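These numbers were taken from a predicted model, which means no experiment stands behind them.
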Amino acid sequence: MATLDEIRNEITQLDADLLALLARRRQLSLEVARSKQADQRPIRDTRREQDLLVRLIQQGRALGLNAQYVTQLYHLVIEDSVLTQQDYLQRLVNPAQAEDETSVAYLGPLGTYSSLAARKYLGRYAEISEHSCNNFTQVIEAVEKGHCQFGVLPIENTSSGSINEVYDLMQQTSLSIVGELTYPIEHCLLVAVPTELTAIDTLYGHPQPLQQCSRYLAQHPQIHHEFCDSSATAMAKVQALAAPNVAAIGSADGGKLFGLTSIASGLANQQENMTRFIVVAREPIEVVPQVPAKTTLIMSTNQYAGALVEVLLVLRNHQINMTKLESRPIQGNPWEEMFYMDVAVNLHSETMQKALQELYPLTRSLKVLGCYPSEDVAPTEIAPALMP
């Protein structure tokens with residue numbers, strides 16, 4: 001019988017082998033992207049993905065692995081393959097994004113959700129120089145003035161809704177949206193020293209996470225809330241105090257940067273708590289036809305009944321899927337609204353260009369804020385009839 005050390009050594013070797021195989025698989029994904037470059041085939045082939053998962057589930061069951069385990073694992077593998085191919089094709093047509101080093105501005109110091117989102121989006125393939133800002137205006141200005149190549153801004157949250165300040169700033173800036181990502185927000189109770197929940201009497205946090213966790217916090221009325229300008233500030237405060245009666249609310253990953261540990265997780269009212277971020281730059285980018293794209297527009301409609309309906313009918317008639325519609329007041333024009341609209345179509349496609357030709361006469365103003373790759377890779381679905 002093998003000793004515990006021998007078993008662990010074998011596991012360590014298997015993990016190293018798995019990493020080498022995953023790296024090789026990623027390299028093959030790049031070869032697939034190069035082959036698709038010539039004939040402009042779409043990156044995703046959902047039928048092949050379904051067949052792959054069905055075959056892997058069958059093979060996994062024969063090896064004692066359940067279907068859920070295999071499916072979850074390969075959803076991650078497929079997502080990595082899709083994003084790897086997408087990044088390769090995008091860098092070919094956007095040389096400015098192909099650099100090995102880049103700089104990014106975001107709200108708050110290291111450890112905020114914005115900083116974690118920036119690392120996730122830009123840190124996959126490049127070394128990043130990070131610049132923290134005190135407010136969203138500074139993020140915009142850092143990119144406008146050329147101090148940073150990119151800015152990362154939260155635009156909406158599934159729990160607390162739209163970030164109106166960012167929408168208002170996008171009315172004024174000349175920057176273009178060049179990317180997006182959705183980042184999971186998992187609020188945790190973070191402490192600096194070993195303690196119990198019953199010992200905590202002061203909780204530091206940004207108002208938005210505190211609001212998103214209101215139901216959990218209502219169960220602990222003895223805890224006093226101290227508002228901070230960011231989650232990172234709250235975590236830094238708890239780190240400095242190093243006391244058993246204080247805690248911060250933030251992410252587990254952010255907490256690790258401050259030496260904090262989580263004693264409670266999943267605190268949000270809405271368990272599927274996600275924040276969508278946009279990435280802005282001074283120049284727009286091109287999205288290759290093989291990559292799923294989104295286009296963001298800002299417009300004001302004519303002032304008569306049914307004006308907005310006419311705009312929406314243009315989209316319907318061209319079978320363009322609208323994924324977001326947000327209204328904001330026009331600054332300096334009381335009772336008039338600007339409409340922000342996300343549509344799931346490439347700006348340079350024939351469909352979108354024809355739609356724009358019809359939209360311009362129906363609007364008082366219309367501006368394209370950006371066309372960018374969709375970062376959301378929907379998990380491959382397997383129809384029940386295909387399940388082994």
Side-chain angles (χ1 to χ4, degrees), residues 10-92 97-98 116-126 128 179-186 251-253 271-272 274 276-277 279 287-294 344 372-388:
E10 185 175 355
I11 290 175
T12 299
Q13 183 58 53
L14 286 172
D15 288 339
D17 293 342
L18 285 172
L19 288 175
L21 290 171
L22 289 172
R24 176 57 181 158
R25 195 186 195 285
R26 177 181 281 188
Q27 288 299 317
L28 291 174
S29 294
L30 287 174
E31 294 299 323
V32 170
R34 293 186 182 101
S35 71
K36 292 177 179 177
Q37 179 185 351
D39 55 13
Q40 296 193 350
R41 280 178 293 165
I43 286 179
R44 298 198 72 175
D45 182 343
T46 55
R47 179 60 183 271
R48 184 186 182 281
E49 290 176 10
Q50 289 177 345
D51 293 342
L52 171 67
L53 283 176
V54 168
R55 184 173 66 254
L56 290 169
I57 289 171
Q58 291 173 332
Q59 294 173 350
R61 282 177 173 165
L63 296 170
L65 303 175
N66 65 51
Q68 183 180 12
Y69 176 77
V70 173
T71 302
Q72 288 180 336
L73 178 63
Y74 274 89
H75 277 163
L76 291 175
V77 171
I78 290 171
E79 178 181 14
D80 179 76
S81 176
V82 170
L83 293 179
T84 297
Q85 293 180 56
Q86 178 172 302
D87 181 77
Y88 169 78
L89 294 173
Q90 282 299 112
R91 285 168 176 257
L92 290 177
Q97 288 193 322
L116 297 173
R119 287 185 169 198
K120 178 182 178 182
Y121 183 85
L122 296 169
R124 289 202 308 265
Y125 306 105
I128 57 174
E180 67 164 357
L181 77 155
T182 300
Y183 194 88
I185 307 298
E186 184 176 2
S251 70
D253 288 339
Q271 290 305 302
E272 290 295 324
M274 314 285 285
R276 180 181 173 230
F277 292 84
V279 182
V287 182
V288 296
Q290 301 99 311
V291 172
K294 280 186 181 178
Y372 46 93
S374 175
E375 283 288 305
D376 297 327
V377 181
T380 308
E381 295 184 2
I382 304 177
L386 296 178
M387 286 293 289

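- Gln90 places a side-chain N or O within 3.5 Å of a backbone atom of Val288 that can act as its donor or acceptor partner.
- Taking Asp17 as the reference, Gln13 meet the side-chain hydrogen bond (donor to acceptor under 3.5 Å, both in side chains) condition, with sequence neighbours excluded.
- In this structure, the side chains of Glu79 and Leu76 come closer than 4.5 Å at one or more pairs of heavy atoms.
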Next item on the list: Evaluate the side-chain hydrogen bond (donor to acceptor under 3.5 Å, both in side chains) criterion for residues Gln85 and Ser81: first the C-alpha distance (whole Å), next the side-chain angles of each, then the deciding distance (0.1 Å), finally the verdict.
Entry: CA-CA 6 Å; Gln85 293 180 56; Ser81 176; 3.1 Å; yes
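- Partners of Arg55 by salt bridge (charged side-chain N to carboxylate O under 4.0 Å, His left out), not counting sequence neighbours: none found.
- Annotation: Tyr74, atom OH; neighbour count of heavy atoms from other residues, nucleotides and ligands within 6.0 Å does not exceed 12.
- Counting heavy atoms of neighbouring residues, nucleotides and ligands inside a 6.0 Å radius, atom CD of Glu10 does not exceed 12 of them.
- Residues that satisfy the side chain to side chain contact (heavy atoms under 4.5 Å, CB included) test with Arg41, not counting sequence neighbours, are Ser35, Lys36, Asp39.
- Taking CZ from Arg61 and CG from Leu63, the interatomic distance works out to 12.5 Å, rounded to the nearest 0.5 Å.
- Closest of all the heavy-atom pairs between Ile185 and Met274 is CG1-C, 4.2 Å.
- Across every non-hydrogen atom of Glu180 and Pro373, the tightest pair is CG-O, 3.9 Å.
- Shortest non-hydrogen contact noted between Leu116 and Tyr183 is CB-OH, 3.4 Å.
- To the nearest 0.5 angstrom, Lys120 atom NZ is 6.0 Å from Leu181 atom CG.
- For Asp45, the side chain to side chain contact (heavy atoms under 4.5 Å, CB included) test picks out Arg47, Arg48, with sequence neighbours left out.
- When all heavy atoms of Ala118 and Ile128 are compared, the pair lying nearest together is O-CD1, 4.3 Å.
- Screening His75, Arg25, Arg26 against Asp80 for a side-chain hydrogen bond (donor to acceptor under 3.5 Å, both in side chains) leaves a single residue, Arg26.
- Atoms OG1 and CD1, from Thr71 and Ile57 in turn, are 3.5 Å apart once rounded to the nearest 0.5 Å.
- Scored by the salt bridge (charged side-chain N to carboxylate O under 4.0 Å, His left out) test, Glu31 finds Arg34 as partners (sequence neighbours excluded).
- For Gln68, the side chain to side chain contact (heavy atoms under 4.5 Å, CB included) partners at least two apart in sequence or on another chain are Asn66, Gln72.
- Considering only residues two or more places apart in sequence or on other chains, Thr182 meets the side-chain hydrogen bond (donor to acceptor under 3.5 Å, both in side chains) condition with Asp376.
- Listed here is the closest heavy atom pair of Thr46 and Thr380: O-CG2, 4.3 Å.
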Check: Where do Gln59 and Leu56 land on the side-chain contact (heavy atoms from CB on, under 4.5 Å) test, with the steps shown first?
Finding: CA-CA 5 Å; Gln59 294 173 350; Leu56 290 169; 3.7 Å; yes
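- Arg44 meets the salt bridge (charged side-chain N to carboxylate O under 4.0 Å, His left out) test with Glu49; sequence neighbours excluded.
- Taking CG of Leu83 as the reference point, atom CG of Asp87 lies at 8.5 Å (rounded to 0.5 Å).
- Annotation: side chain to side chain contact (heavy atoms under 4.5 Å, CB included) contacts of Ala252 (sequence neighbours excluded): Cys188.
- In terms of heavy-atom proximity, Tyr88 sits nearest to Ala33 at CD2-CB, 3.7 Å.
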